[in-house]
Undergrad: 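Provided herewith is a single structure, encoded as structure tokens, for subsequent inquiry.
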Amino acid sequence: MKLDERHLVQLAAVVQAGGVTEAAALLGMTQPAVSRTIAMMEQRIGEPLFVKGRRPLQPTTLGQALASHGQTMLSASRKASALVAGFQKGSFGVVRVGGSPFFSDALISGMIAEFQDRRPDVRVEQSYGYLGQLRAALDADRIDIAICPIDVLKEGSGLRFDVVLPGRNVVACRTTHPLLMKRRLDPASLLDYPWVGPPEGSPLYADLNSLALSLGATEIKIRYSGGSLSSAINYLKSSDALTVLPHSVVFAYRNEKSITALPVRIPHPERALGILQQSNATRAPAVDAFVAHVTKRFKDLALLIERHEKAIVWGL
């Protein structure tokens, strides 16, 4: 004999609530509809499911056993409903975010942690890449958004770019670097020191080459390369080496008082940091919630960086 799962759920609700009227309210049904279900089940089974004359309703041994199966289904149904509600509110789901390595490690990872403190049931999958790789990942639906620097986004690209920060790169060094002790910094003196090479193919690498050319150098002394952000910063802290980093990354380490930016302007194209996404994509609510969180955090960060930059006299 096959029993309708919906009928078992209604039976479980009657047992749980202790009455048909209460069960109907619990399920969002009418009392007559639930009463008909119980009567139909008893007729089909040929056995009573409740002890006659008892109030609140008391299930028979068979009624209780069947109700336990219905309770499992009722609980699963409620969990499924809660899951859907959570998904629609952006508190459940998956966010796939790509970004340039140094920038992502210094800033985005912390923002992800803050976001998940409020929405612990959202899983975030982070990946790395530069603009060409990130655009390919968006086109292939491997990521939902990219957070990266862009010079120009061509019309008709099918992409949308929302600026969150100016894309300013700076020359970074340790806070006790000899160049910081000079009353007037001669840009050419940058060539007297070794450099940590930024990742090849990155805007940082392009800006280092632009800086070298602006100083009349055909090459620059790269002593160390290929490391992560954390290894590059540790190297800077223990040497007189220089490197090119996003100003926002250097700013993120300000409280450690280990690295800082030299007051030298790097010649590079107008560039902005922002959120890149498919312009016509349908995104999950969790992705929208994450974008809103990141946008707000960057808005706050931009104000802090702007105040900091006004206190620096930039040369070159």
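Not measured: the values here are computed from a predicted model.
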Undergrad: Given the side-chain rings of Phe103 and Phe298, with only the six-membered ring counted for Trp, is the space between their centroids under 6.0 Å?
TA: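 For Phe103 and Phe298, the ring centres are under 6.0 Å apart.
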Undergrad: Taking Leu236 as the starting point, is it possible to reach Leu179 by hopping between hydrophobic residues whose side chains are less than 4.5 Å apart?
TA: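 Yes.
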Undergrad: Does the side chain of Phe115 come within less than 4.5 Å of Met111's, by heavy atoms?
TA: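 Of all side-chain heavy-atom pairs linking Phe115 with Met111, none is under 4.5 Å.
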Undergrad: If Ile, Leu, Val, Met, Phe, Trp and Tyr residues are connected whenever their side-chain heavy atoms lie under 4.5 Å apart, and connections chain through other members, are Leu49 and Met29 in the same group?
TA: yes
Undergrad: Tell me whether Tyr235 is reachable from Val171 by hopping between hydrophobic residues (I, L, V, M, F, W, Y) whose side-chain heavy atoms are closer than 4.5 Å.
TA: yes
Undergrad: Check Arg135 with Asp139, please: is the shortest side-chain N to carboxylate O separation under 4.0 Å?
TA: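 Answer for the salt bridge query: no.
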Undergrad: Is there a side-chain contact between Arg174 and Thr260, using heavy atoms and a 4.5 Å cut-off?
TA: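 Result no, sub-4.5 Å side-chain heavy-atom pair not found.
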Undergrad: Are Glu256 and Arg254 close enough for a salt bridge, meaning some N to O gap below 4.0 Å?
TA: no
Undergrad: Side chains of Ile38 and Phe50: closer than 4.5 Å at any heavy-atom pair?
TA: yes
Undergrad: Any side-chain to backbone donor/acceptor pair from His247 onto Val170? Under 3.5 Å, distance only.
TA: no
Undergrad: Look up atom CG in Leu242 and atom NZ in Lys221, then write down how far apart they are to the nearest 0.5 Å.
TA: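 It is 10.0 Å, given to the nearest 0.5 Å.
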Undergrad: Any salt bridge linking Arg184 with Asp186? Criterion: basic side-chain nitrogen under 4.0 Å from a carboxylate oxygen.
TA: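 Salt bridge absent between Arg184 and Asp186.
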Undergrad: Step by step, would you call Leu245 with Leu229 a side-chain contact (heavy atoms from CB on, under 4.5 Å)?
TA: CA-CA 9 Å; Leu245 289 175; Leu229 172 62; 4.2 Å; yes
Undergrad: Run the ring-ring contact (aromatic ring centres under 6.0 Å, His included) test against His268 and tell me which residues pass, sequence neighbours left out.
TA: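 ring-ring contact (aromatic ring centres under 6.0 Å, His included) check on His268 returns nothing, list empty.
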Undergrad: Side-chain contact test, heavy atoms from C-beta onward, threshold under 4.5 Å: evaluate it for Thr243 versus Leu204 and give yes or no.
TA: no
Undergrad: Roughly how far, to the nearest 0.5 Å, is the CG atom of Leu62 from the CE atom of Met41?
TA: 8.5 Å
Undergrad: Please round to the nearest 0.5 Å and tell me the distance separating atom CG of Leu276 and atom CG of Leu131.
TA: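 These two atoms lie 7.0 Å from each other.
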Undergrad: Using modelled atom types and a 3.5 Å cut-off, is there a donor and acceptor pairing between side-chain atoms of Ser238 and backbone atoms of Asn234?
TA: yes
Undergrad: Between Ser68 (side chain) and Ala65 (backbone), is there a donor-acceptor pair under 3.5 Å?
TA: yes
Undergrad: Between Trp195 (side chain) and Leu208 (backbone), is there a donor-acceptor pair under 3.5 Å?
TA: no
Undergrad: Would you call Lys2 and Glu5 a salt bridge, using N to O less than 4.0 angstrom?
TA: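 Yes, Lys2 and Glu5 are salt-bridged.
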Undergrad: Is there side-chain contact between Lys237 and Ile259, with heavy atoms separated by less than 4.5 Å?
TA: yes
Undergrad: Do side-chain atoms of Thr37 reach the backbone of Ala33 as a donor and acceptor pair under 3.5 angstrom?
TA: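 Here the side-chain-to-backbone pair exists.
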Undergrad: Testing the basics here: between Val95 and Ala286, what is the closest heavy-atom pair and its distance to 0.1 Å?
TA: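 Where Val95 meets Ala286 most closely, the heavy atoms are CG2-O, 3.6 Å.
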Undergrad: Would you check if the side chain of Thr295 reaches a backbone N or O of Val291 as a donor-acceptor pair within less than 3.5 Å?
TA: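 Indeed, once roles are kept as given, a pair shorter than 3.5 Å links the two residues.
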Undergrad: What closest approach, in Å, do Leu134 and Gly129 show between heavy atoms, and which atom pair accounts for it?
TA: CD1-O, 3.5 Å
Undergrad: Calculate, to the nearest 0.5 Å, the distance between atoms CZ and CD belonging to Arg142 and Glu125 respectively.
TA: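 The CD atom of Glu125 is 13.0 Å from CZ of Arg142, to the nearest 0.5 Å.
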Undergrad: Test side-chain contact (heavy atoms from CB on, under 4.5 Å) on Ile145 and Arg283 and set out the steps.
TA: CA-CA 10 Å; Ile145 61 169; Arg283 300 185 314 195; 4.2 Å; yes
Undergrad: Please check if Val244 and Ile220 belong to a single hydrophobic cluster, counting links between Ile, Leu, Val, Met, Phe, Trp and Tyr side chain heavy atoms closer than 4.5 Å.
TA: yes
Undergrad: Run the side-chain hydrogen bond (donor to acceptor under 3.5 Å, both in side chains) test on Gln31 and Ser35 for me, step by step, so that the C-alpha distance in whole Å, both residues' side-chain angles and the decisive distance to 0.1 Å come before the verdict.
TA: CA-CA 6 Å; Gln31 182 269 332; Ser35 294; 2.8 Å; yes
Undergrad: Between Phe290 and His293, how do the two ring planes meet: parallel, tilted or perpendicular, split at 30° and 60°?
TA: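 If you compare the ring of Phe290 with that of His293, the planes turn out tilted.
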Undergrad: Any donor-acceptor pair under 3.5 Å linking the side chain of Thr175 with the backbone of Lys257?
TA: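 Yes: the side chain of Thr175 pairs with the backbone of Lys257.
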Undergrad: When clusters are formed by joining ILVMFWY residues with side-chain heavy atoms under 4.5 Å apart, either directly or through shared neighbours, do Leu301 and Val97 land in the same one?
TA: yes
Undergrad: Salt bridge or not between Asp207 and Arg271? Use side-chain N to carboxylate O under 4.0 Å.
TA: yes
Undergrad: Would you say Val94 and Val122 make side-chain contact, with heavy atoms under 4.5 Å?
TA: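 A side-chain contact under 4.5 Å is absent here.
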Undergrad: Testing the basics here: between Ile143 and Ser127, what is the closest heavy-atom pair and its distance to 0.1 Å?
TA: CG2-OG, 3.6 Å
Undergrad: I'd like to check the ring-ring contact (aromatic ring centres under 6.0 Å, His included) partners of His7; sequence neighbours left out, ordered by chain and number.
TA: none
Undergrad: Return yes if some donor-acceptor pair links the side-chain N/O of Gln133 with the main-chain N/O of Tyr130 below 3.5 Å, else return no.
TA: yes
Undergrad: Output yes when a side-chain donor or acceptor of Ser75 lies under 3.5 Å from a complementary backbone atom of Thr72, and no otherwise.
TA: no
Undergrad: Could you go through the side-chain contact (heavy atoms from CB on, under 4.5 Å) check for Leu273 and Val163 one step at a time?
TA: CA-CA 6 Å; Leu273 292 162; Val163 175; over 6 Å; no
Undergrad: With a 4.5 Å heavy-atom cut-off, do Pro194 and Tyr224 have their side chains touching?
TA: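 The answer is no, as the side chains (C-beta and beyond) never meet within the 4.5 Å cut-off.
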Undergrad: Can you check whether Gly90's main-chain N or O pairs, donor with acceptor, with Arg119's side chain at less than 3.5 Å?
TA: yes
Undergrad: Looking at Gly158 and Gln278, what are the two nearest heavy atoms and their distance?
TA: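 The pair with the smallest heavy-atom distance is O-OE1, 3.3 Å.
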Undergrad: At their closest point, which heavy atom of Leu8 faces which heavy atom of Met73, and how far apart are they?
TA: CD1-CE, 3.8 Å
Undergrad: Do the side chains of Ile233 and Tyr253 get nearer than 4.5 Å, heavy atoms only?
TA: yes
Undergrad: Measure the spacing between CZ of Arg168 and CD of Glu270 and express it to the nearest 0.5 Å.
TA: 10.0 Å
Undergrad: Quick check: closest heavy atoms across Val164 and Gly274, and the distance to 0.1 Å?
TA: CG2-CA, 3.7 Å
Undergrad: To the nearest 0.5 Å, what is the distance between OG (Ser248) and CZ (Phe102)?
TA: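 That separation rounds to 12.5 Å.
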Undergrad: Step by step, work out the side-chain contact (heavy atoms from CB on, under 4.5 Å) result for Ile112 and Gln126.
TA: CA-CA 9 Å; Ile112 291 172; Gln126 186 177 18; 3.9 Å; yes
Undergrad: Going by an N to O cut-off under 4.0 Å, is there a salt bridge joining Asp141 and Arg96?
TA: yes
